[in-house]
Amino acid sequence: GDITPKNTNEMLFTLVAMLMGTVFFAHGLTNMCTILFYHNKFQVDTESAMDELFDYFRRHRIPVRLGEKIQRFIWYKTNGHHCEDHTRYMSELSLQLREDMSTRLLSNAFPIISRSSKYMIFNLFGEHSDLYRRFSMRLSAECHLEDEILVMKGDRIPAIYYIADGSVTYTDRKHSKTIQKHCSFGEIQNVFNGDDYDDSIVIRAASDICVFHITGKE
């Protein structure tokens, strides 16, 4: 610049100032990058897990098509809100707080303002009813990719299912239909029919889906 050191002392002072400036600048830039990088820690952890999964695929020579399918499933399950594993958060809570959290999560998945979900059995008496709280503690979520079979021909429907996201195709001897989001299936076999069930039923995911289920015994 216009001002330059003229003697040894000035050169030493300038050298120290430049070194300190470099250190402070690097430290500040690193902290800023860290803040931006961990702005969404959930996304960072998910992407790190996906990178580890890709390394696993390469080590074990998993076919590309299968790897892409697994990646799609994990991505949908992780970002599908309703399918996220809440166990690690729930395990540290008291019973009352677990019930409160579970009812909140259930109401997010099946809002009572939805025309179809308001007729779900657990929504009939409102979010504050004992029935609603019991359902919220016993319902489990699972995800399936499009075209995956939930119930094969010859099998009975193992549980009562409530669709939180996506849709399924339901086929039996008489007809075929699509069951949409916020609808349910499996009540007749699990509650009324017992061991006498229709073995012609096939249920397949018509899209990527998230369903909540509960067995008839529960």
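Just so you know, these numbers use all the heavy atoms, side chains as well, and skip hydrogens, waters and symmetry mates.
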> Which heavy atom in S107 sits nearest to a heavy atom in E127, and how many Å separate them?
Replying inline: CB-OE2, 3.5 Å
>> Are there over 12 heavy-atom neighbours, none belonging to R98, within less than 6.0 Å of that residue's CZ?
In response: yes
> Are F73 and W75 connected in a single hydrophobic cluster, I mean Ile/Leu/Val/Met/Phe/Trp/Tyr linked by side-chain heavy atoms less than 4.5 Å apart?
Replying inline: no
>> Using 30° and 60° as the class boundaries, would you call the ring planes of H213 and Y161 parallel, tilted or perpendicular?
In response: tilted
> Using the ring of each side chain (for Trp, its six-membered ring), is F135 parallel, tilted or perpendicular to F122, with breaks at 30° and 60°?
Replying inline: tilted
> Which distance, rounded to the nearest 0.5 Å, do you find between the OG1 of T178 and the CD of Q180?
Replying inline: 6.0 Å
> How far apart are the closest heavy atoms of G126 and Y132, and which atoms are they?
Replying inline: O-CB, 3.4 Å
> Any idea which heavy atoms bring S184 and Y162 closest together, and the distance?
Replying inline: CB-CD2, 3.5 Å
> Is it true that the side chains of H144 and E142 contain a donor and an acceptor less than 3.5 Å apart?
Replying inline: yes
>> What verdict does the side-chain contact (heavy atoms from CB on, under 4.5 Å) test give for H27 and N31, after you've listed the backbone C-alpha separation in whole Å, the side-chain angles of each residue and the deciding distance to 0.1 Å?
In response: CA-CA 6 Å; H27 180 69; N31 284 340; 3.0 Å; yes
> What do the steps show when you test I74 against M50 for side-chain contact (heavy atoms from CB on, under 4.5 Å), and what is the final call?
Replying inline: CA-CA 9 Å; I74 294 176; M50 296 302 291; 3.8 Å; yes
> So does D198 pair up with K174, basic N to acidic O under 4.0 Å?
Replying inline: no
>> For G186 versus I157, what's the shortest heavy-atom pair and its separation?
In response: CA-CG2, 3.9 Å
>> So, using salt bridge (charged side-chain N to carboxylate O under 4.0 Å, His left out) as the criterion, who are the partners of E47 when residues are at least two apart?
In response: none
> If you look only at pairs with a residue in residues 7-24, which of them pass as a side chain to side chain donor-acceptor pair (under 3.5 Å), with sequence neighbours excluded?
Replying inline: none
>> Taking I160 as the starting point, is it possible to reach L124 by hopping between hydrophobic residues whose side chains are less than 4.5 Å apart?
In response: yes
> Under the side-chain contact (heavy atoms from CB on, under 4.5 Å) criterion, do I203 and I149 qualify, and how do the steps go?
Replying inline: CA-CA 6 Å; I203 299 177; I149 296 177; over 6 Å; no
> When rounded to the nearest 0.5 angstrom, what distance separates CZ in F110 from CG in N123?
Replying inline: 9.0 Å
> Out of curiosity, K181 NZ to I209 CD1, how far, rounded to the nearest 0.5 Å?
Replying inline: 13.0 Å
> Between I163 and V168, is a side-chain contact (heavy atoms from CB on, under 4.5 Å) present by the stated rule, with each step listed?
Replying inline: CA-CA 9 Å; I163 304 174; V168 302; 3.9 Å; yes
> Got a donor-acceptor contact below 3.5 angstrom from the D208 side chain to the E146 backbone?
Replying inline: yes
> Does the side chain of R134 come within less than 4.5 Å of S129's, by heavy atoms?
Replying inline: no
> In this structure, are over 12 heavy atoms from other groups packed under 6.0 Å from H175 atom NE2?
Replying inline: yes
>> Please tell me whether L139 and L105 are part of a single hydrophobic cluster in this structure, the criterion being side-chain heavy atoms less than 4.5 Å apart.
In response: no
> Is there a path of hydrophobic side-chain contacts, each under 4.5 Å between heavy atoms of I, L, V, M, F, W or Y residues, that connects L106 with I121?
Replying inline: yes
> Do R204 side-chain atoms and D147 backbone N/O form a donor-acceptor pair below 3.5 Å?
Replying inline: yes
Distance-only criterion, 3.5 Å: show the donor-acceptor pairs between side-chain atoms of residues 54-70 and protein atoms not counting sequence neighbours.
from: D55; atom 1: OD1; to: R58; atom 2: NH2; distance (Å): 2.1

>> Please determine whether side-chain hydrogen bond (donor to acceptor under 3.5 Å, both in side chains) holds for the pair T103 and S136, giving the CA-CA distance in whole Å, both sets of side-chain angles, and the decisive distance to 0.1 Å.
In response: CA-CA 5 Å; T103 55; S136 69; 5.3 Å; no
> Is the shortest side-chain N to carboxylate O distance from R104 to D100 below 4.0 Å?
Replying inline: no
> So, for R133 and Q96, which heavy atoms are closest and what is the spacing to 0.1 Å?
Replying inline: NH2-NE2, 3.1 Å
>> How long is the straight-line distance from CG of L29 back to CZ of F24, given to the nearest 0.5 Å?
In response: 15.0 Å
> Roughly how far apart are S94 OG and M101 CE, rounded to 0.5 Å?
Replying inline: 10.5 Å
> Among the clusters formed by ILVMFWY side chains lying less than 4.5 Å apart, do V211 and I179 turn up in the same one?
Replying inline: yes
>> Please give me the minimum heavy-atom distance between S207 and G166, naming the atom from each residue.
In response: OG-CA, 3.4 Å
>> D199 vs R173, test: salt bridge (Lys or Arg N to Asp or Glu O under 4.0 Å). Steps then yes/no.
In response: CA-CA 9 Å; D199 60 1; R173 292 188 181 91; 2.7 Å; yes
